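Heavy-atom basis, side chains included; hydrogens, waters and symmetry copies ignored. One-based numbering along the sequence shown. Remember, it's a predicted structure, so these values are computed and weren't measured experimentally.
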Amino acid sequence: MSGDELCSASARDLARLIRSREVSAEEVMGAHLERIGRLNPRVNAIVTLLPDRALEQARAADEALARGDESGPLLGLPVAHKDLVETKGIRTTRGSPLFRDWVPDRDALIVERLQGAGAISVGKTNTPEFGAGSQTFNEVFGATLNPYDLTKTCGGSSGGAAAALACGMVPLADGSDTGGSLRNPASFCNVVGFRPSPGRVPVWPQVLAWSTLSVQGPMARSVADAALMLSVLAGPDPRSPIAIREPGEPFSGPLERDFRGVRVAWSRDIGGLPIDPRVTTALEAQRHVFEGLGCSVEEIDFDFSGADEVFKVLRAWQFEQSYSELVANYRDQIKETVVWNTEEGAKLTGPQLARAQTSQTELFQRLRTFMDSYPFLLLPVVQVPPFDVTDPWVREIEGVVMPSYIDWMKSCYYVSVTGHPAISVPAGFTPEGLPVGLQIVGRHQDDLGVLQLAYAFEQATGPRRWPELLSEA
């Protein structure tokens, strides 16, 4: 196989080819490193690259196979880690000048599991400072550009991961999601980003171990590859008190499922949120796909009232817990929006926190009851298409002013506070050729069901359109 063919192959196919020794892990790694060398200077997705180490580990994987050691479902597959995730011996900047040269002495749990499954790290992917905001830029590495239009943002905060996947630099990448950071960049870059149920992928280290707001999860170029990666990441761990005890193996199996007669709720604007009409038009064109799958598609909005306050309070509380000491000591070296969000957390009162948690409980119960009748909820991932990379955040949507840097992401963060699993799956393009994703939300802890419906939709919508950048010299 040629280098381009290897970089275009699915993670599942690459794993099979390596295991059968039809191609070597070294060949696969070499092809991806060549692709990184050619395209990364144009998009700035991978910010710390480890080519010698990656090739050495690829050769070791080949030697293990030659000895008959076939352990690890991801053996020999290149993977990239978000620059928020701790990686032992590998620079982890968090997108902050304060951590420009920080090298952790431990691996995060998500890194342990990927490496334990045989995946090989090629390096770290770009993220906004401390992962704050769905636009990937920082003072350490600059901005990551959208492979479909180099004047646009790739989204965030797992933006470097999404851009690297869209360019075929890696077949798999990890990410995290508080207000949409797995789903937003996946939508903007025409790849798959899955926000699993809290505890499905145990998070360690973690400042707020009992929190359900932030999760880690897989990103890939296809739903099947995201599920394969989840099969490795999922499963209990004693370091996470909310870890789901079910093992990850079921996610590695076939995703085919008969959806005839399944009721799904279709929401055009999530109960009246401002949505760019280019997004609405692209998604409406895909409604018939679910009808073709046999689903009963009903246009109905779920009542997300209270979600906005819940998210903003819990996010501010999380920022205060995580960054208050840094803000106190290094305020002038930290991004303005991080300072603002941290100080909003410092203003919170006990009654505000109590009210937010009570509202979150009510919201969960309301959605649980709603999904007794509608097992799946279909929504826009993002309220706008990819926007100019020089704009830090969206200031206005359809004449509605966005008060803060997070308000334009309500279509994602409303779902975050419910704790339900959600995926962004490619669903078309705007007239300008910018990607648009569809968000599929499933029942409480029905991660497999979400992946199955996303897979059925993906299979029914045909081959993916990749960036023209890939065919350029």
Got a salt bridge between D4 and R38, using NZ or NE/NH1/NH2 to carboxylate O under 4.0 Å?
-> yes

Mark yes or no for whether R366, through its side chain, and F304, through its backbone, hold a donor-acceptor pair below 3.5 Å.
-> no

Is there a donor-acceptor pair under 3.5 Å between the side chain of D407 and the backbone N or O of S404?
-> yes

Using the six-membered ring of W266, assess whether NZ or CZ of R268 lies under 6.0 Å from its centre and within 45 degrees of the ring axis.
-> no

Taking the side chain from N126 and the backbone from G142, do they hold a donor-acceptor pair closer than 3.5 Å?
-> yes

Which atom of I242 lies closest to which atom of S211, heavy atoms considered | CD1-O, 3.5 Å

Any ion pair linking D388 and K152 (charged N to carboxylate O, less than 4.0 Å)?
-> no

If you draw the axis of the six-membered ring of F137, does the NZ or CZ of K335 fall within 45° of it and under 6.0 Å from the ring centre?
-> yes

Roughly how far, to the nearest 0.5 Å, is the CD atom of E299 from the CG atom of D301?
-> 7.5 Å

In terms of the angle between their ring planes, are F290 and F457 parallel, tilted or perpendicular, with boundaries placed at 30° and 60°?
-> parallel

Is any side-chain heavy atom of L39 closer than 4.5 Å to a side-chain heavy atom of L469?
-> yes

Do R315 and Q318 have side-chain atoms, one donor and one acceptor, less than 3.5 Å apart?
-> no

Taking every heavy atom of V201 against every heavy atom of P196, the minimum-distance pair comes out as CG2-CG, 4.0 Å

Between L114 and L74 the two heavy atoms that sit nearest each other are CD2-CD1, 3.8 Å

Short N-O contact, R42 and E472, less than 4.0 angstrom = yes

Between the main-chain N or O of V223 and the side-chain N or O of E458, is there a donor-acceptor pair closer than 3.5 Å?
-> yes

Taking the side chain from T418 and the backbone from V415, do they hold a donor-acceptor pair closer than 3.5 Å?
-> yes

Shortest non-hydrogen contact between M409 and G180, atoms and distance = CE-CA, 4.2 Å

Are P385 and D276 close enough that some pair of their side-chain heavy atoms sits under 4.5 Å apart?
-> yes

Please lay out, stage by stage, how S158 and K82 fare under the test side-chain hydrogen bond (donor to acceptor under 3.5 Å, both in side chains).
-> CA-CA 7 Å; S158 309; K82 189 173 181 177; 3.0 Å; yes

In terms of ring plane angle, is the pair F188 and F387 parallel, tilted or perpendicular, where the classes change at 30° and 60°?
-> perpendicular

Scan R195, R200, Q452 and name whichever one has a side-chain hydrogen bond (donor to acceptor under 3.5 Å, both in side chains) with D447.
-> R200

Answer yes if the side chains of T144 and T136 hold a donor-acceptor pair under 3.5 Å, and no otherwise.
-> no

Any donor-acceptor N/O pair, R113 side chain to L233 backbone, under 3.5 Å = yes

Atom CD of E246 and atom CG of L448: how far apart are they, to the nearest 0.5 Å?
-> 10.0 Å

Minimum-distance pair of heavy atoms, taken over all atoms of C7 and G168 | CB-O, 3.6 Å

Sidechain N-carboxylate O distance under 4.0 Å for R94, E129 = no

Beyond-backbone contact of H420 with L367, side-chain heavy atoms, under 4.5 angstrom = yes

Is the side chain of T127 donor-acceptor paired with the backbone N or O of S157 at a distance under 3.5 Å, no angle test?
-> yes

Is there side-chain contact between T212 and Q360, with at least one heavy-atom pair below 4.5 Å?
-> yes

Is a side-chain donor or acceptor of Q383 paired with a backbone partner of S411 at a separation under 3.5 angstrom?
-> yes

Sub-3.5 Å donor-acceptor pair from the side chain of S252 to the main-chain atoms of E249, do we have one?
-> yes

Verdict with supporting geometry, T93 and D83, side-chain hydrogen bond (donor to acceptor under 3.5 Å, both in side chains) | CA-CA 6 Å; T93 75; D83 205 22; 2.5 Å; yes

So, does D225 use its side chain to make a donor-acceptor pair with the main chain of A11 at under 3.5 Å?
-> yes

Where do G76 and V28 come nearest, in terms of heavy atoms and distance?
-> O-CG1, 4.4 Å

Only one of F302, F364, F376 clears ring pair (Phe, Tyr, Trp, His ring centres under 6.0 Å) with F370; which?
-> F302

